[in-house]
K.L.:
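One structure coming up, written as C-alpha cells, with questions to follow.
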Amino acid sequence: MSLRTGFISIIGRPNAGKSTLLNALLGQKLAIVTHKPQTTRTRIQGVLELPVRKKAKGDAGRAAAQAIFVDTPGVHKPETQLDKRMMQEVHDALEERDVVLFLVDATHRLPVEKPQSEAKTPGQVKRAMSKAEDDFALQLVKKLECPVILVLNKIDAVSHAELLPIIAHWTALHEFADVIPISAKKKEGLELLLDKVVAKLPEGQRYFPKDQLTDQPERFLVAELIREKVLMLTGEEVPYATAVVVERFEEPATRKRGKDGKLPVTKIAAAIFCERNGQKAILIGKQGAMLKQIGTAARKEMESVLGTRVFLELFVKVQAEWRTSRGFVEELDWRRQLESIADRQQFEKKLMESRMNEKG
C-alpha cells in the first residue's frame, strides 16, 4: 500500500476535548489541558506516524500514513484582540486541511423549543445560548468542501439511549462524511477514528521526518506548560488575563549525563504577563508562595519534556489591558517570536563580524 499523508484539523467549541484528543492520538502530552474553556490559544500540530496494517479476517486493514493533526482554539464569537487572534488560528487551520474533525461534547443537553409565550427557565436560557454557539461553529463546517467527520466526544459520560438523539440532531443539521463516537479521555473509539481519517487522506510524501512529533519549538512548549499551571492553580479571573513569554532559553551543549551522573541543565527565564496589579499580587502570592508553586509544578514537567534538569526563573509583569492590544497579542505568536530571535541573532552576528574586521 502507498503512503497516505495530510492535515486533519480538529475544531469545535471550547472545552469539547480537542487538546485531550490530540494528546490521546499521539500517546503523549503535546497540548496543555485544563477544565477551563479557551485553554488553547494557537494551532498545535501533532505528527502521527502510522504503520501499515494488513488485511485480516474481519479487518479491512489500513494504509501506512503520516497524519498531521491540528489542534485549534475553541470556536467562539470574538470580542477582544486575543479572541480575534484565536479565531484567525481556527480559520488558518481550516485553509490547510485535507480532513476536518468536528468535535462535539456529547454531554451538552440538546435545545428544546418552547413557545415564545412561555417563560423560559434558566436551564432553557442556557441551552438556547449553547445552541447559538453550536450554530456559530457549524457555519464554519458548512463552508468546507473537504470531508468533515462528526466526532461525538465524552461518550463515557452518557448512555447509549442518550447518544442516539444527539446523533440524530447533528446529522439533521449537516451531511457529515462519518459519525464517530469516542471518549478521548478513556481512549475509546480512536482506532476506528484513525481508520476513517486515513481512508480519506490523499496519497503523497511525508511532510515531516518520521521521528518528528510537532512543529512547535521547545521554548513554546515550555511557555505553554507555565500557562497551564497558572490556569490550574489560580482563580477564575486571573488565568484569562495572563500570557507567558520565554525571555531566555539556554540549552546545554549535550543532553547526556555528565561524569557525575547528573543530567545537564537548561536555563529558562519567563515572564507571566497580567493586566492589573491586583492580578500580579495573586500570581506572586503571600511571600512569593503562588509563584513558587507555579514554577515548581512547571519545572517538573519541563524536565520530563526536555530530558534535562531545568533552572527556571519566573517574573510577573503588568501589561494593562493587553488582550485588547493588537500589537501585544501578535507578539505572543511563537512564529513571530522565532523571527525576532532569528533577526536578533543575525544582527549580533553581523556586529561581531564588523568588530572582528575592525580589529583585523
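We're numbering straight along the sequence, starting at 1.
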K.L.:
Should the heavy atoms of other residues, nucleotides or ligands under 6.0 Å from NZ of K200 be counted, would the total exceed 12?
P.N.:
yes
K.L.:
Counting only heavy atoms not in E250 (residues, nucleotides, ligands), do more than 12 fall under 6.0 Å from its CD?
P.N.:
yes
K.L.:
Main chain of T214, side chain of Q212: is a donor-acceptor contact present, judged purely on distance under 3.5 Å?
P.N.:
yes
K.L.:
Check for a donor-acceptor pair, side chain of N23 on one end and backbone N or O of A31 on the other, with a separation under 3.5 Å.
P.N.:
yes
K.L.:
How about L312 and T266: do any of their side-chain heavy atoms sit closer than 4.5 Å?
P.N.:
no
K.L.:
Could you tell me whether the side chains of E162 and S159 share a donor-acceptor contact shorter than 3.5 Å?
P.N.:
yes
K.L.:
What's the spacing between Q81 CD and S325 OG if we round to 0.5 Å?
P.N.:
7.5 Å
K.L.:
Hey, quick one: are V141 and L152 part of the same hydrophobic cluster, counting side-chain heavy atoms closer than 4.5 Å, chains of contacts allowed?
P.N.:
yes
K.L.:
Between R248 and E313 (salt bridge meaning N to carboxylate O under 4.0 Å), is one present in this structure?
P.N.:
yes
K.L.:
Can you tell if the side chain of D92 reaches within under 4.5 Å of the side chain of V90, non-hydrogen atoms only?
P.N.:
no
K.L.:
Group every Ile, Leu, Val, Met, Phe, Trp and Tyr by side-chain heavy-atom contacts under 4.5 Å, then state whether V318 and L291 land in the same group.
P.N.:
no
K.L.:
CE of M302 to CD1 of I268: how many Å apart, nearest 0.5 Å?
P.N.:
5.0 Å
K.L.:
In terms of hydrophobic clusters joined by side-chain contacts under 4.5 Å, are L21 and V198 together?
P.N.:
yes
K.L.:
Evaluate the criterion ring-ring contact (aromatic ring centres under 6.0 Å, His included) for residue pair Y207 and F7; output intermediate values, then yes/no.
P.N.:
CA-CA 10 Å; Y207 289 92; F7 292 83; 4.8 Å; yes
K.L.:
Enter the distance from E49:CD to D211:CG here, rounded to the nearest 0.5 Å.
P.N.:
9.5 Å
K.L.:
Side chains of K77 and E133: closer than 4.5 Å at any heavy-atom pair?
P.N.:
no
K.L.:
Count the heavy atoms of every other residue, nucleotide or ligand shown that sit under 6.0 Å from CZ of R326, and state whether that count exceeds 12.
P.N.:
no
K.L.:
Run the side-chain contact (heavy atoms from CB on, under 4.5 Å) check on D134 and W170 step by step: do they pass?
P.N.:
CA-CA 10 Å; D134 284 340; W170 284 101; 3.7 Å; yes
K.L.:
Are the charged groups of E301 and K229 less than 4.0 angstrom apart, N to O?
P.N.:
yes
K.L.:
Is the side chain of R97 donor-acceptor paired with the backbone N or O of I10 at a distance under 3.5 Å, no angle test?
P.N.:
no
K.L.:
Report whether L30 and L190 are members of the same hydrophobic cluster (ILVMFWY, side-chain heavy atoms less than 4.5 Å apart, transitive linking).
P.N.:
yes
K.L.:
Could you check whether any side-chain N or O of K142 sits under 3.5 Å from a backbone N or O of L173, counting only pairs where one atom can act as donor and the other as acceptor?
P.N.:
yes
K.L.:
For the residue pair S2 and E203, confirm or rule out a side-chain donor-acceptor distance under 3.5 Å.
P.N.:
yes
K.L.:
Do E275 and R323 sit within salt-bridge range, that is, some charged N less than 4.0 Å from a carboxylate O?
P.N.:
yes
K.L.:
Does the Q216 side chain pair with the main chain of R43, one donor and one acceptor, at a distance under 3.5 Å?
P.N.:
yes
K.L.:
Please answer whether the main-chain N or O of Q293 pairs with a side-chain N or O of T296 as donor and acceptor at a distance below 3.5 Å.
P.N.:
no
K.L.:
Taking the side chain as C-beta and beyond, is there a heavy-atom pair between I11 and L103 under 4.5 Å?
P.N.:
no
K.L.:
Would you say the side chain of E251 lies within less than 4.5 Å of the side chain of E218, judging by non-hydrogen atoms?
P.N.:
yes
K.L.:
Run the side-chain contact (heavy atoms from CB on, under 4.5 Å) test on I68 and I8 for me, step by step, so that the C-alpha distance in whole Å, both residues' side-chain angles and the decisive distance to 0.1 Å come before the verdict.
P.N.:
CA-CA 6 Å; I68 302 103; I8 307 98; 5.6 Å; no
K.L.:
Of all the heavy-atom pairs spanning P147 and D98, show the shortest one and how long it is.
P.N.:
CD-O, 3.4 Å
K.L.:
Looking at every heavy atom in both K18 and R13, which two are closest together, and how far apart are they?
P.N.:
NZ-O, 2.8 Å
K.L.:
Using every non-hydrogen atom in the two residues, find where A184 and N153 come nearest and quote the distance to one decimal.
P.N.:
N-OD1, 2.9 Å
K.L.:
Are L150 and D178 side-chain neighbours, meaning at least one heavy-atom pair lies under 4.5 Å?
P.N.:
no
K.L.:
What distance separates L231 CG from I294 CD1, expressed to the nearest 0.5 Å?
P.N.:
10.0 Å
K.L.:
Do V265 and V310 come close enough that some side-chain heavy atom pair is under 4.5 Å?
P.N.:
no
K.L.:
Check this for me: Q139, atom CD, are more than 12 non-hydrogen atoms of other residues, nucleotides or ligands nearer than 6.0 Å?
P.N.:
yes
K.L.:
Whether the side chain of W322 engages the backbone of A241 through a donor-acceptor N/O pair (distance < 3.5 Å, no angle test) should be reported.
P.N.:
yes
K.L.:
State plainly whether the residues E191 and R62 are in salt-bridge range, i.e. N to O under 4.0 Å.
P.N.:
yes
K.L.:
Does a sphere of radius 6.0 Å around NZ in K267 hold more than 12 heavy atoms from other residues, nucleotides or ligands, not counting ones at 6.0 Å or beyond?
P.N.:
no
K.L.:
Are the side chain of Q66 and the backbone of V47 linked by a donor-acceptor contact shorter than 3.5 Å?
P.N.:
no
K.L.:
Keeping D59 on the side-chain end and K55 on the backbone end, is there a donor-acceptor pair under 3.5 Å?
P.N.:
no
K.L.:
If you take all heavy atoms of P264 and R255, which pair is closest and at what distance?
P.N.:
CG-CA, 3.6 Å
K.L.:
Quick check: closest heavy atoms across S19 and D71, and the distance to 0.1 Å?
P.N.:
OG-OD2, 2.5 Å
K.L.:
How many angstroms lie between CG in D83 and CD in Q88, if you round to the nearest 0.5 Å?
P.N.:
13.0 Å
K.L.:
Would you call K84-E79 a salt bridge at under 4.0 Å N-O?
P.N.:
no
K.L.:
Does T39 form a side-chain contact (heavy atoms from CB on, under 4.5 Å) with V33? I'd like the steps, not just the answer.
P.N.:
CA-CA 7 Å; T39 295; V33 177; over 6 Å; no
K.L.:
For side-chain contact (heavy atoms from CB on, under 4.5 Å), just list the numbers for L48 and L50, CA-CA rounded to whole Å, side-chain angles, deciding distance to a tenth of an Å, and then say yes or no.
P.N.:
CA-CA 6 Å; L48 182 62; L50 293 166; 3.9 Å; yes
K.L.:
According to the interplanar angle, ranging from 0 to 90°, do the rings of F102 and F176 count as parallel (below 30°), tilted (30 to 60°) or perpendicular (above 60°)?
P.N.:
parallel
K.L.:
State whether a side-chain donor-acceptor pair under 3.5 Å links T42 with E89.
P.N.:
yes
K.L.:
State, to 0.1 Å, how close L201 and T5 come at their nearest heavy-atom pair, and which atoms those are.
P.N.:
CB-O, 4.0 Å
K.L.:
Same cluster for L22 and F208 if Ile/Leu/Val/Met/Phe/Trp/Tyr side chains link at under 4.5 Å?
P.N.:
no
K.L.:
Report yes or no: does S9 contribute a side-chain atom to a donor-acceptor pair with the main-chain N or O of V100 at less than 3.5 Å?
P.N.:
no
K.L.:
For the atom pair CD1 (I180) and CG (L101), what is the distance rounded to the nearest 0.5 Å?
P.N.:
9.5 Å
K.L.:
With a 4.5 Å heavy-atom cut-off, do E321 and T324 have their side chains touching?
P.N.:
yes
